[in-house]
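Data first, discussion second: the structure below is written as structure tokens.
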Number of protein chains: 2
Amino acid sequence: MQYDRFESAATQEQGQSALRRGEILAAAATLFAEHGFHGASMRDIGERVGLLKGSLYVHIANKDEILVEIVGDTARRLNAAVSPVLLATARPSDKLRMALKAHLLFASSNQNSMFVLQHESKHLTGQPHMWICEWRLRYQQLWWSAVDVGVRCGDLRQDLDIACATDMLLAAANLNATFDMTSDTGAVADRRWEVLRGGLLP
Amino acid sequence: MQYDRFESAATQEQGQSALRRGEILAAAATLFAEHGFHGASMRDIGERVGLLKGSLYVHIANKDEILVEIVGDTARRLNAAVSPVLLATARPSDKLRMALKAHLLFASSNQNSMFVLQHESKHLTGQPHMWICEWRLRYQQLWWSAVDVGVRCGDLRQDLDIACATDMLLAAANLNATFDMTSDTGAVADRRWEVLRGGLLP
DNA sequence: CCTACCGATCGGTAGG
DNA sequence: CCTACCGATCGGTAGG
């Protein structure tokens, strides 16, 4: 493809707009996480990126699209970070331990958008709402399968309730750690795995 | 106290209004759980109890008061259901197992208001917001103490990270079980406790 | 990217 | 408990 000065200018403009779009999505994720989708206005989002609300529509189609983009992108990236771990060839218990760490690591560096994915995607409508429901199921099944294999091959407890154990693992993964300064995310993952692995009783 | 016909009439009116108020709070809890505090309008709430939105203000002061009432009442009743179990004189592991069951039993018969307590109380402002933050801390500490005693007296694993274990217990308690027909709440509590108690590995 | 505007809806009130 | 209304703000658009 030829990049003459006009195309180059067009590409630059596209790049600028894509950057702006990214800023807007990041600002929206922060505000949606704090005030909820309906509690954060286009005015609020504009203010956070130094634009008047009308100018936002140069970069995004409407408010719903912002939510779709945040939730969809976050779900896709979380999946990309965790699914390779769970689909690898390894001991199920090792895969689960590492998947927990991968999920928590992703969550700790995407706190706002992860919160939106968890608690605000219910405000999606139509197709996007269906997509995210299906995504959630697929993501659960990914974990479920690893637990299932683990029980069948004796790597995990034989008498384990597989669905319940999967729920508990996902709960540990989705638990909003206050990712504080005193301990890095990896350590949080290790502590949670230690409780889940060995249980509460001696 | 004398109940002449006038006082009786006044009492009846009070009773009627209190009933209406209860209906309104229940309707609001359902709508806040489904659409969020800002996503459910006074119009929606009125419709659900067969009133026009203006008429709601006979029974409640404003929209914020509805949220305060739902969250405050639910927190108080949850505490009343669970704290006696955790404060009793018994083996810590038994108390935790029973507290998990008590919490889940309460949650299963208060699904809407529990959801509002968990996810919409962030929209409270001023004093009520402070109250609920403090309540949450107290409720956590209640569980934390039982875990702490359990570890100290050897009833629970000695090498347990107490804060982390408490988080996992509360996660198991707050996990939104789809309380379906195939299994009662008690069974869900038993399965969760079994995973937490014995751990994932053989 | 801003100015200026749109119709719709918001929470809430007065008067009966 | 309803009718009729209030000012404010909502998401979104046209025109420059």
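Numbers restart at 1 for each chain; the letters A, B, ... are given by sequence-line order, proteins then strands. All values reported here derive from a predicted model rather than from experimental measurement.
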What are the residues of residues 23-45 of chain A, sorted by number, that bring a heavy atom to within less than 4.0 Å of DNA chain C? none
Take the protein atom NZ of B/Lys63 and the nucleotide atom P of C/dT13, then report the distance between them rounded to whole Å. 15 Å
Looking at residues at least two apart in the chain, or sitting in another chain, which of them share a salt bridge (charged side-chain N to carboxylate O under 4.0 Å, His left out) with B/Asp94? B/Arg97
Which dot-bracket string fits DNA chain D when only Watson-Crick or G-U wobble pairs with both atom distances under 3.5 Å count, crossing pairs get [ ], and | stands for a partner on a different strand? ||||||||||||||||
Can you measure A/Asp64 atom CG to D/dC10 atom P for me and round it to whole angstrom units? 16 Å
For A/Ser41, side chain to side chain contact (heavy atoms under 4.5 Å, CB included) partners two or more places apart: A/Arg43, A/Asp44
May I have all residue pairs that pass salt bridge (charged side-chain N to carboxylate O under 4.0 Å, His left out) and include part of residues 135-152 of chain B, sequence neighbours excluded? B/Asp148-B/Arg152
So the salt bridge (charged side-chain N to carboxylate O under 4.0 Å, His left out) pairs with at least one residue in residues 98-107 of chain A (sequence neighbours excluded) are A/Lys101-A/Asp190
Taking N or O atoms only and anything under 3.5 Å, show me the protein contacts with nucleotides 1-8 of chain D, one pair per line.
from: D/dC1; atom 1: OP1; to: B/Arg20; atom 2: NE; distance (Å): 3.4
from: D/dC1; atom 1: OP1; to: B/Arg20; atom 2: NH2; distance (Å): 3.2
from: D/dC1; atom 1: OP2; to: B/Arg20; atom 2: NE; distance (Å): 3.4
from: D/dC1; atom 1: OP2; to: B/His59; atom 2: NE2; distance (Å): 3.4
from: D/dC2; atom 1: OP2; to: B/Leu52; atom 2: N; distance (Å): 3.2
from: D/dC2; atom 1: OP2; to: B/Ser55; atom 2: OG; distance (Å): 2.7

Give the ring-plane orientation class for B/His119 versus B/Phe115, where under 30° counts as parallel, over 60° as perpendicular and anything between as tilted. tilted
Looking at residues at least two apart in the chain, or sitting in another chain, which of them share a side chain to side chain contact (heavy atoms under 4.5 Å, CB included) with B/His123? B/Phe37, B/His38, B/Leu67, B/Glu120
For A/Ala61, which residues count as a side chain to side chain contact (heavy atoms under 4.5 Å, CB included) partner, sequence neighbours excluded? A/Glu65
Starting at CG of B/Asn62 and ending at C1' of C/dG12, how long is that distance when rounded to a whole Å? 9 Å
Please list, chain by chain and in numerical order, all residues satisfying side chain to side chain donor-acceptor pair (under 3.5 Å) with A/Arg48, sequence neighbours excluded. none
What residues, two or more places apart in sequence or in another chain, satisfy side chain to side chain donor-acceptor pair (under 3.5 Å) together with A/Glu23? A/Arg20
Could I get the full list of side chain to side chain contact (heavy atoms under 4.5 Å, CB included) partners for B/Val85, not counting sequence neighbours? B/Met98, B/Ala99, B/Ala102
